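To start, the structure under review is shown below, and the notes come after it.
For the numbers below, each heavy atom of this structure counts, side chains included, while hydrogens, waters and symmetry mates do not. Remember, it's a predicted structure, so these values are computed and weren't measured experimentally. Letters go in sequence order (proteins before strands), and every chain restarts at 1.
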Amino acid sequence: MQMEQLVALCKRRGFLFQSSEIYGGLNGFWDYGPLGVELKRNVREDWWHSMVTAHNELVAPPGAPEPYAMTGLDCTIIMHPQVWKCSGHYDLFHDYFVDCRESNRRYRYDQIVGRWVEYDGQRILVTSYQTGDDAAADIEQKALKFFKLRAKDKDRLQWTPGSISLDKISDMSDVLAPDAKSLGTLTAPREFNLMFETHTGALRDDSSKTFLRPETAQGIFVNFKNVLDSSRVKVPFGIAQIGKSFRNEITPRNFTFRSREFEQMEIEFFCRPESSAEWYRYWRDRRYQWYLDLGLAGDRLRLRDHDPDELSHYSCGTADIEYAFPFLAPGEYGELEGVAHRGEFDLRSHMEGKLVREGDGFAVEKDEHGQPRYRGSGKDLSYFDDETKERFIPHVIEPSAGADRATLAFLCEAYCEDEQPDEKGKMQKRVVLKLHPRLAPIKAAVFPLVKKDGMPEIAKDIYAALKPWFPVFYDEKGAVGRRYRRQDEAGTPFCITVDSQTLTDGTVTVRDRDTLEQWRVHKDACAEDIRARLA
RNA sequence: GCGGGUGUAGCUCAACGGUAGAGCAGUAGCCUUCCAAGCUACCUACGAGGGUUCGACUCCCUUCACCCGCUCCA
């Protein structure tokens, strides 16, 4: 399937529109249309239902070490600025980049390393975007090439001992960029702030600056004590939250996959440190299964454990649930959800202040005066276990899913084109969205076969009887084949048709979207029939 | 943000420095007894803003969006 076809369908049928489209659109923002809003709601509600409300805290689900409770939160988008300073987002999301005018590449300013070298009276800084030994070899080779020397002449280069990072250099004119052949091709560093800023209150100065949250997780951590004090939950337990997050991405791309405003479905699961590894594996597998259950096929969906060197600074284990989106190159996968073992990092950060890695553990980052760079809340976020009489900081497992990405993956997976014979027996292309019935925006459509003989009246009665139970669509216009095809494109799993036989025995046909099979049920029983099939 | 490409109706595609066309889709009606049928009518577009010109959809500039790279992640 080509992505363009899905994008066209989404617009044609009202799943997704570009935000502010009549003004030319806004890069990185998308609106859900009449069908899209129902689809996304179903994704969200199935997640909340299966993770939170349907969870039975009295018994351990398969694979879980023991029973656990689940509860929810709905936190604000704008929070105290200190939250982001302690979480690390404030520093992490203020990146400086330089561009190379020659190679048109962009580099993170602080990740370019270089060495001064002199030959024949000219002193230049040769740089590399690689790390460690790779960088050293890379730099040497580039220096030889720049001065047009052979490898055997490398002793004629005079190196200044030690490598330096680019942020120590003020003048770029003697810098040889990582992928350039000539000097001075790098632009001055420019800041890219990935957090949206705003101001709270009437004053607009640095003291009133606040941020739109770049993730929902922090709202959960800062409310950890509130939940403990108010809900009688005991470790292990999880807190779930669904909500909008904002990242001012440098390059929004690939339809809704990377948007600047997006919705997250996150769980922070708190457990005892010694059982955290077990819980991590449980959540990883549990979350993977959720996507499988909703119809993401095995070979386009995968669970990938991160390599140790890929782990975030705080994590001691992360797995991504990934989907082979059609806009990616063959063999490439895009992240739907990250399941991270975050240890005690987050709760400790909000107690003590922003943490940095120190040896095997973490320590509060200090400023030049030896004081905490960003001060924590000072509140005790540890947990006292009444049974064992132990106090500890719970470890955290974080399954963090993108609601828009999941929705997009379900759409991609559902998009099918097949061939079905028309009334003359000629094969016709059919576009059908094979969405899981639980996700389908419309569950059933009701048609009178023809608009006469009292069929519309019967169909309208059936429509009225179904409406209280699930979203239904009534249509009496044009040929029935056309109405079927329209519902196929909307992903409606069942079509109920009133025909002449209904007039005599009261039965209607129910048509299956995927197989096109039809069966007859009594018109008073079709709500039951379809509800059973949706479950 | 930088480089390359692309912007005409809901979709796919025409034409032209001088009145923007078609197919499909949509809407209304007629006709129709199960998979995009037929007939009739209707609706709908030059991404936006400047400039050149008697006149610009067409040429130039700017901008916005989309696609492909660099970068990043839910």
Query raised in the report: Which part of the nucleic acid does D488(A) contact within heavy-atom distance under 4.0 Å: base, sugar-phosphate only, or nothing?
Result: nothing
Item to complete: Remember a base hit wins even if backbone is also touched, and classify S245(A) as base, sugar-phosphate or nothing at under 4.0 Å, heavy atoms.
Response: nothing
Please work out if R511(A) contacts a base, only the sugar-phosphate, or nothing of the nucleic acid, heavy-atom cut-off 4.0 Å. base
TODO: Answer yes or no as to whether A74(B) has its base stacked against F262(A), where stacking requires a ring-centre separation under 5.5 angstrom and planes under 30 degrees apart.
DONE: yes
Assess whether ring pair (Phe, Tyr, Trp, His ring centres under 6.0 Å) is satisfied between F17(A) and Y32(A), documenting all intermediate values. CA-CA 6 Å; F17(A) 307 123; Y32(A) 286 81; 9.7 Å; no
Between CZ of F327(A) and P of C66(B) the distance, given in whole Å, is 14 Å
* Using a cut-off of 4.0 Å on non-hydrogen atoms, how would the nucleic acid contact of R483(A) be classed: base, sugar-phosphate, or nothing? -> nothing
| said: Quick one about D512(A) and T515(A) (side-chain donor to acceptor, distance below 3.5 Å, no hydrogens or angles considered), yes or no? | reply: yes
Here the distance between atom C1' of C68(B) and atom CE of M3(A), to the nearest Å, is 15 Å
By nearest-heavy-atom nucleotide on RNA chain B, the more 5' of G402(A) and N254(A) is N254(A)
Query raised in the report: Are D529(A) and W519(A) linked by a side-chain donor-acceptor pair shorter than 3.5 Å?
Result: yes
Within residues 7-23 of chain A, those residues having any heavy atom closer than 4.0 Å to RNA chain B are K11(A), Q18(A)
Polar side chain donor-acceptor pair, S349(A) to D346(A), under 3.5 angstrom: no
In Watson-Crick or G-U wobble terms, with both distances under 3.5 Å, the base opposite C57(B) is none
**Message:** So T509(A), base contact, sugar-phosphate only, or nothing? Heavy-atom distance under 4.0 Å.
**Reply:** base
R405(A) atom CZ is separated from A74(B) atom P, nearest whole Å, by 7 Å
Item to complete: Quick one: label E249(A) by what it contacts on the DNA or RNA (base, sugar-phosphate, nothing), any heavy atom closer than 4.0 Å.
Response: base
* To do: Provide the distance between the two C1' atoms, one in A20(B) and one in U8(B), to the nearest whole Å.
  => 9 Å
Atom CD of Q5(A) and atom C1' of G10(B) are separated, to the nearest Å, by 17 Å
U32(B) -> Watson-Crick or G-U wobble partner, both distances under 3.5 Å, gives none
Which label fits W290(A) and F410(A): parallel for a plane angle under 30°, tilted from 30 to 60°, or perpendicular past 60°?
perpendicular
* Asked: Mind checking whether F29(A) and F196(A) have parallel, tilted or perpendicular rings, split at 30° and 60°?
  -> tilted
Requested in this report: Measure from the side-chain N and O atoms of W30(A) to the backbone N and O of F255(A), and report whether any donor-acceptor pair falls under 3.5 Å.
Outcome: yes
- Base, sugar-phosphate, or nothing for E261(A), non-hydrogen atoms under 4.0 angstrom? nothing
Item to complete: Could you tell me whether N27(A) contacts a base, only the sugar-phosphate backbone, or nothing, with contacts defined as non-hydrogen atoms closer than 4.0 Å?
Response: sugar-phosphate
side-chain N/O K477(A) vs U27(B) OP1/OP2, d < 4.0 Å: no
* Could you check whether N248(A) gets within reach of a base, just the sugar-phosphate, or nothing at all, counting any heavy atom under 4.0 Å? => nothing
Any strand, both distances under 3.5 Å, Watson-Crick or G-U wobble: A65(B) pairs with U6(B)
Taking A45(B) as the reference, what is the distance to U32(B) when you measure between their C1' atoms (whole Å, please)?
34 Å
> With no hydrogens and no angle check, do the side chains of Q289(A) and D293(A) hold a donor and an acceptor under 3.5 Å apart?
Replying inline: yes
Rounded to whole Å, CD of Q218(A) lies from P of A74(B) at a distance of 13 Å
Check your understanding: Between L294(A) and R438(A), is any pair of side-chain heavy atoms under 4.5 Å apart?
Key -> yes
E268(A) CD to A74(B) P, in whole Å, measures 12 Å
For nucleotides 38-46 of chain B, give me every protein contact, N/O to N/O, under 3.5 Å, one pair per line with atom names.
none

ask   = Roughly how far apart, to the nearest Å, are A56(B) and G49(B) at atom P?
value = 14 Å
Out of C73(B), C34(B), C66(B), minimum distance to the side chain of W30(A) belongs to C66(B)
Under a 3.5 Å limit on both distances, the Watson-Crick or wobble mate of A37(B) is none
Applying the 3.5 Å cut-off to both distances, the Watson-Crick or G-U partner of C70(B) turns out to be G1(B)
Minimal heavy-atom distance between K354(A) and G88(A), with the atoms involved, is CE-CA, 4.0 Å
- prompt: Have E21(A) and Y23(A) got a donor and an acceptor in their side chains that come within less than 3.5 Å?
  reply: no
Whole-Å distance, R485(A) CZ to A36(B) P, equals 5 Å
Check: Say you pick atom P in C57(B) and the same atom in G47(B); how far apart are they, in whole Å?
Finding: 10 Å
> On a whole-Å scale, what distance lies between the P atoms belonging to U44(B) and G17(B)?
Replying inline: 27 Å
Q264(A) has its side chain closest, among A74(B), U32(B), C72(B), to A74(B)
Gap in Å between the two P atoms, one belonging to A41(B) and one to C24(B), rounded:
14 Å
What about E4(A): does its side chain form a donor-acceptor pair under 3.5 Å with the base of C67(B)? no
Out of U33(B), C67(B), C73(B), minimum distance to the side chain of R253(A) belongs to C67(B)
Open item on the list: Has K142(A) got a side-chain atom pairing as donor or acceptor with P178(A)'s backbone, closer than 3.5 angstrom?
Closed with: yes
Between C54(B) and C2(B), how far is it from one P atom to the other, in whole Å? 35 Å
Partner of G23(B) under the Watson-Crick or G-U wobble criteria, both distances under 3.5 Å, comes out as C11(B)
Return the orientation label for the F327(A) and F325(A) ring planes: parallel under 30°, perpendicular over 60°, tilted otherwise. parallel
Q.
Taking U71(B) as the reference, what is the distance to U12(B) when you measure between their C1' atoms (whole Å, please)?
A. 35 Å
Review point. Is L336(A) touching bases, backbone alone, or none of the nucleic acid, heavy atoms closer than 4.0 Å?
Key: sugar-phosphate
To the nearest angstrom, the CZ-C1' distance between F255(A) and A65(B) comes to 14 Å
For F257(A), report the nucleic acid contact type (base, sugar-phosphate, nothing); a contact means any heavy atom under 4.0 Å. base
